[in-house]
> 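Below: one structure in structure tokens.
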Amino acid sequence: MASGANSLMWFRKGLRLHDNPALEYAAKGSKFLYPVFVIDPHYMEPDPTAFSLGSSKAGLNRIQFLLESLVDLDLSLKKVGSRLLVLKGDPGEVLIRCLKEGYVSGTGVEIFSPVSHTLYNPADIIRKNGGSPPLSYQSFLKLAGQPSWATTPLLTTISSLPPIGNTGSFAVSEVPTVRELGYEDLAEDERTPFKGGESEALKRLRESIANKEWVANFEKPKGDPSAFLKPATTVLSPYLKFGCLSSRYFYQCIQDILKCSKKHTSPPVSLLGQLLWRDFFYTAAFGTPNFNQMKGNRICKQIPWKNDDELLAAWRDSRTGFPWIDAIMVQLRKWGWIHHLARHSVACFLTRGDLFVHWERGRHVFERLLIDSDWAINNGNWLWLSCSSFFYQYNRIYSPISFGKKYDSAGNYIRHFLPVLKDMPKEYIYEPWTAPISVQRKAKCIIGIDYPKPVVSHDSASKECKMRLGEAYALNKKLNGLVSDEDLNELRRKADNESTTLDSVSRKKKQKLID
DNA sequence: GTCAGCGTTGAATAG
DNA sequence: TCTATTCAACGCTGA
């Protein structure tokens with residue numbers, strides 16, 4: 001917000017100085033500039049039910065990551081003559097109070113809110129597509145094209161900022177610690193190895209793109225989900241989530257490298273392709289009402305998922321009895337980050353692959369535990385993996401046994417995150433229930449006592465899942481057929497002066513039936 | 001209305 | 001150890 005002499009910069013995402021058009025704008029010609037971050041108690045306050053089913057509160061690792069990002073932002077602001085003002089309360093109320101305190105005064109406060117979190121403005125893509133978001137990656141690519149700013153240099157350094165003015169009666173504090181927010185510190189081995197902040201993001205970016213050949217030949221599906229000493233991807237996602245790293249700056253850095261390489265991979269599998277996936281899901285989420293749920297979501301298949309608390313809890317708490325699945329869930333809880341293909345594995349297992357539990361339940365768990373948890377991308381991927389939208393080949397199921405084995409036949413990943421299995425011979429590490437009792441004794445891991453028996457048999461569970469999904473799809477088709485007939489009648493009845501298209505009528509009708 | 005071709009990343013098997 | 005083929009087979013798009 002800017003008004004003549006004073007500006008207020010409200011940081012929400014975009015916790016950075018580089019490529020920050022709002023900050024640039026607010027700084028221009030202002031006598032005083034108030035950089036503000038509001039800690040929203042709804043997001044931050046400790047939740048005694050944090051480990052109960054269905055909790056959507058942010059996990060401690062992500063809160064820690066956010067606080068580190070704020071500390072770093074404050075330090076960077078101080079270097080250029082400013083500082084971060086951390087305020088607490090309901091953001092709407094706090095901002096109104098800021099205005100009353102005279103941070104920004106005068107008549108006609110100007111609000112400037114540029115699109116800079118994503119590569120594109122989702123509204124532009126949707127407009128180009130005739131009012132609805134593209135639902136396939138290829139059509140998204142065609143509509144998106146080269147971003148308008150692709151060859152324009154971005155402002156990546158700020159040499160000075162206007163000072164902050166009088167803060168009035170506000171209790172302006174330093175960035176709080178997790179303890180000050182009422183949390184106990186996490187135990188050492190439960191803490192994510194990734195540190196928040198713009199400085200850390202830029203350092204990680206430099207290291208990631210230092211190997212130009214690696215950047216040019218990046219091919220996502222070939223990455224190893226079991227690599228944990230050195231992850232197979234950049235792990236820049238949490239920094240993109242909070243805007244510690246500008247996706248546009250990242251894009252340009254990759255582009256510069258590709259320009260100089262003889263051959264390189266392409267979207268969707270390339271590194272640039274990964275950034276475009278982010279925008280793909282942002283666009284779909286922006287243009288789809290009720291994107292985060294099955295009911296009332298026009299792009300989501302209606303499937304009679306189970307609401308089995310026991311199965312959900314076994315999955316969430318790493319006790320499905322499938323070491324590959326359980327190890328991934330341990331890494332998720334401790335690190336707040338797992339490889340993309342590991343996310344596929346456990347999401348498929350929970351939903352359409354084995355347990356047939358509702359994808360919204362799994363989404364909830366990811367939402368709380370991931371440090372890179374992003375509303376659009378998380379929901380989009382759960383829709384994808386559960387074969388509810390975007391992707392429909394439900395016969396392609398990740399095996400909780402052979403998928404991990406393909407990458408890590410010795411089971412080192414499992415041994416690391418599930419130490420109870422560390423002495424299990426490699427022949428049995430993916431299926432320890434098949435180990436003879438003598439082997440179990442020798443490995444000091446009796447299945448059913450020290451480590452659980454599998455909650456389902458993969459062979460029969462996956463067969464049943466396929467069957468149920470087939471039935472649900474048939475029912476959805478029938479529903480759609482029903483609606484189409486009505487649409488035709490409706491279109492015949494109505495004169496052609498109506499502005500609605502067949503598509504939008506069909507959607508509305510379908511919606512009514514689904515609701 | 002029909003149908004081939006396509007879709008970020010399946011598993012098992014053959015060579 | 002790596003690649004190609006087969007299996008079984010979905011919805012959506014566009015000619």
Side-chain angles (χ1 to χ4, degrees), chain A residues 129-130 132-144 217-227 232-233 237 264-281 283-284 298-303 322 324-325 328 338-349 351-354 377 380-410 430-431 458-459 461-463 465-481 484-485 487-488 502-503 506-507 510:
Chain A
N129 197 42
S132 64
L135 298 178
S136 84
Y137 187 78
Q138 293 304 330
S139 58
F140 171 83
L141 281 190
K142 259 183 232 157
L143 291 161
N217 297 320
F218 184 91
E219 212 174 332
K220 189 64 165 286
K222 293 206 172 144
D224 177 356
S226 72
T233 55
S237 54
H264 60 79
T265 52
S266 299
V269 297
S270 64
L271 199 52
L272 218 49
Q274 304 314 300
L275 268 179
L276 290 159
W277 275 109
R278 181 171 175 270
D279 268 59
F280 170 77
F281 283 123
T283 307
R298 67 169 181 82
I299 68 166
C300 181
K301 293 258 179 253
Q302 304 299 303
I303 295 164
F322 290 91
W324 171 248
I325 300 297
I328 293 170
I338 50 179
H339 185 274
H340 189 64
L341 289 177
R343 299 180 197 207
H344 278 213
S345 255
V346 295
C348 178
F349 184 85
T351 58
R352 68 181 169 86
D354 291 84
I377 301 169
N381 276 304
W382 277 96
L383 283 163
W384 186 295
L385 260 300
S386 63
C387 280
S388 296
S389 196
F390 308 112
F391 175 81
Y392 307 98
Q393 288 174 266
Y394 59 76
N395 54 313
R396 295 193 179 175
I397 291 174
Y398 291 87
S399 163
I401 296 149
S402 49
F403 185 72
K405 211 185 268 180
K406 187 162 73 178
Y407 300 95
D408 176 21
S409 61
Y430 283 88
E431 301 167 90
H458 174 62
D459 278 349
S462 58
K463 266 192 200 111
C465 282
K466 280 186 211 173
M467 206 189 69
R468 283 174 191 241
L469 228 47
E471 283 168 4
Y473 272 23
L475 211 66
N476 277 269
K477 211 185 262 178
K478 212 167 151 189
L479 193 71
N480 288 358
S484 294
D485 292 341
D487 290 342
L488 287 175
L502 174 70
D503 198 34
S506 153
R507 249 180 245 139
K510 228 180 270 181

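Chain identifiers are assigned alphabetically (A, B, ...) following the order of the sequence lines, protein sequences preceding nucleic acid strands; residue numbering begins at 1 within each chain.
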> Could you check how far CG of A:Asn476 sits from P of C:dC10, rounded to whole Å?
14 Å
> Mind checking if A:Gln138 touches a base, just sugar-phosphate, or nothing, with heavy atoms under 4.0 Å?
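It contacts sugar-phosphate atoms only.
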> What's the closest nucleotide to the side chain of A:Asn381 if the choices are B:dT8, C:dA8, C:dC10?
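In terms of side-chain proximity for A:Asn381, the closest of B:dT8, C:dA8, C:dC10 is B:dT8.
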> Got A:Phe403 and A:Leu341 here, is their nearest side-chain heavy-atom distance under 4.5 Å?
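A:Phe403 vs A:Leu341: side chains touch.
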> Please report the distance separating the P of C:dT6 from the corresponding atom of B:dT8, rounded so that it comes out in whole Å.
24 Å
> Using the C1' atom on both, measure B:dT9 against C:dT13 and round to a whole Å.
22 Å
> Supply the atom-to-atom distance A:Leu271 CG to A:Lys220 NZ, rounded to the nearest 0.5 angstrom.
8.5 Å
> So, does A:Arg352 use its side chain to make a donor-acceptor pair with the main chain of A:Leu469 at under 3.5 Å?
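No, because the side chain of A:Arg352 does not come within donor-acceptor range (under 3.5 Å) of the backbone of A:Leu469.
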> Write down the distance between CD1 (A:Ile303) and C1' (C:dG11), rounded to a whole number of angstrom.
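From A:Ile303 CD1 to C:dG11 C1': 12 Å.
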> Among the candidates B:dA11, C:dG11, B:dT8, find the nucleotide nearest to the side-chain atoms of A:Lys477.
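The closest nucleotide is C:dG11.
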> Tell me whether A:Lys222 at atom NZ has more than 12 heavy atoms from other residues, nucleotides or ligands lying less than 6.0 Å away.
no
> Report each atom pair, protein N/O against N/O of nucleotides 12-15 of chain B, whose distance is under 3.5 angstrom.
unit_1: B:dA12; atom_1: OP2; unit_2: A:Ser402; atom_2: OG; d: 3.1

> Quick one: A:Trp277 CH2 to B:dG7 P, roughly how many Å, whole number?
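From A:Trp277 CH2 to B:dG7 P: 11 Å.
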> Just call it for A:Lys222: base, sugar-phosphate, or nothing, with non-hydrogen atoms closer than 4.0 Å on any strand.
nothing
> Calculate the interatomic distance between A:Lys463 atom NZ and B:dG10 atom P; express it in whole Å.
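Answer to the nearest Å: 20 Å.
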> Starting at the 5' end of DNA chain C and moving along, which residue's nearest nucleotide shows up first, A:Arg396 or A:Ala474?
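Comparing both residues, the 5'-ward one is A:Arg396.
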> For the atom pair OH (A:Tyr473) and OH (A:Tyr392), what is the distance rounded to the nearest 0.5 Å?
7.0 Å
> Is it the case that the side chain of A:Ser462 and the backbone of A:His458 share a donor-acceptor pair, with hydrogens and angles ignored and the cut-off at 3.5 Å?
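The answer is yes, because a donor-acceptor pair under 3.5 Å joins these two groups.
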> Please determine, for the side chain of A:Tyr137, which listed nucleotide (B:dT8, C:dG11, B:dT9) has the closest atom?
B:dT8
> Let me know the distance between CZ of A:Arg298 and P of C:dC12, rounded to the nearest Å.
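Value for this atom pair: 11 Å.
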> With no hydrogens and no angle check, do the side chains of A:Ser389 and A:Trp384 hold a donor and an acceptor under 3.5 Å apart?
no
> Please report, rounded to the nearest Å, how far the C1' atom of B:dT9 is from the OH atom of A:Tyr398.
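Computing the A:Tyr398:OH to B:dT9:C1' distance gives 5 Å.
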> To the nearest Å, how far apart are A:Phe390 CZ and B:dC6 C1'?
17 Å
> What nucleotide among C:dC12, B:dA11, B:dT8 has an atom nearest to a side-chain atom of A:Gln274?
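From the listed options, B:dT8 comes nearest.
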> Name the closest nucleotide to the A:Tyr394 side chain, picking from B:dT9, C:dC10, B:dA11.
C:dC10
> Got a donor-acceptor contact below 3.5 angstrom from the A:Tyr394 side chain to the A:Cys465 backbone?
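Checked: no pair found.
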> Is there, by distance only and without an angle test, a donor paired with an acceptor across the side chain of A:Asn395 and the base of C:dA8 below 3.5 Å?
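Pair found.
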> Please report the closest heavy-atom contact between A:Pro133 and A:Thr283, naming both atoms and the distance.
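The answer is CB-O, 3.6 Å.
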> Base, sugar-phosphate, or nothing: which does A:Phe403 touch, judged by heavy atoms less than 4.0 Å apart?
sugar-phosphate
> Working to the nearest 0.5 Å, report the span between CG of A:Asp408 and CH2 of A:Trp324.
7.0 Å
> Provide, to the nearest angstrom, the distance between the CD1 atom belonging to A:Ile299 and the P atom belonging to C:dG11.
16 Å
> Using the P atoms only, state how far C:dA8 lies from B:dC3, rounded to an integer number of Å.
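Approximately 22 Å lies between the P atom of B:dC3 and that of C:dA8.
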> Answer with yes or no whether the side chains of A:Asn217 and A:His264 bring together a donor and an acceptor at under 3.5 Å.
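Side chains of A:His264 and A:Asn217: no pair found under 3.5 Å.
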> Using Watson-Crick and G-U wobble pairs with both distances under 3.5 Å, what is the 5'-to-3' dot-bracket string of DNA chain B, with [ ] for crossing pairs and | for pairs outside the strand?
.||||||..||||||
